[in-house]
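Keep in mind that the numbers below use all heavy atoms, side chains included, and drop hydrogens, waters and symmetry copies.
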Amino acid sequence: MSRCAYLYAGSALAITIGLGLATAAAAQGSASPSGNQVEELVITGSLIRGTPEDAALPVDVITNEALQE
């Protein structure tokens, strides 16, 4: 592809993303017509980041007979 084609594609992508974000922001900013507000918000779940040293590893069981062989 030529350089101009990349520039056109990048510009079109930037405009599309910009319009999508503007629409989402406008939808978030609008108040509900009934004026209902959330009294309580409960969030469940967790994201516990760990290291590979903390991760569960498979366990191999070796019998005495297998060690003797």
Side-chain angles (χ1 to χ4, degrees):
M1 287 179 71
S2 68
R3 185 174 182 208
C4 287
Y6 282 117
L7 291 175
Y8 290 141
S11 297
L13 180 62
I15 290 171
T16 303
I17 291 172
L19 290 174
L21 292 176
T23 305
Q28 288 179 354
S30 63
S32 62
S34 62
N36 293 338
Q37 292 186 356
V38 176
E39 294 180 13
E40 182 179 0
L41 177 64
V42 178
I43 299 174
T44 59
S46 63
L47 173 62
I48 302 172
R49 296 182 187 254
T51 60
E53 291 83 22
D54 298 336
L57 299 174
V59 176
D60 291 331
V61 177
I62 302 173
T63 63
N64 190 21
E65 290 82 21
L67 288 174
Q68 297 298 325
E69 292 177 359

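- Grouped by direct or indirect side-chain proximity (heavy atoms under 4.5 Å, Ile/Leu/Val/Met/Phe/Trp/Tyr only), V61 sits alone.
- Here A66 pairs with I62, T63 under the side chain to side chain contact (heavy atoms under 4.5 Å, CB included) rule; sequence neighbours left out.
- E39 is linked by a side-chain hydrogen bond (donor to acceptor under 3.5 Å, both in side chains) to nothing, counting only residues two or more places apart in sequence or in another chain.
- For D60, there are no side-chain hydrogen bond (donor to acceptor under 3.5 Å, both in side chains) partners at least two apart in sequence or on another chain.
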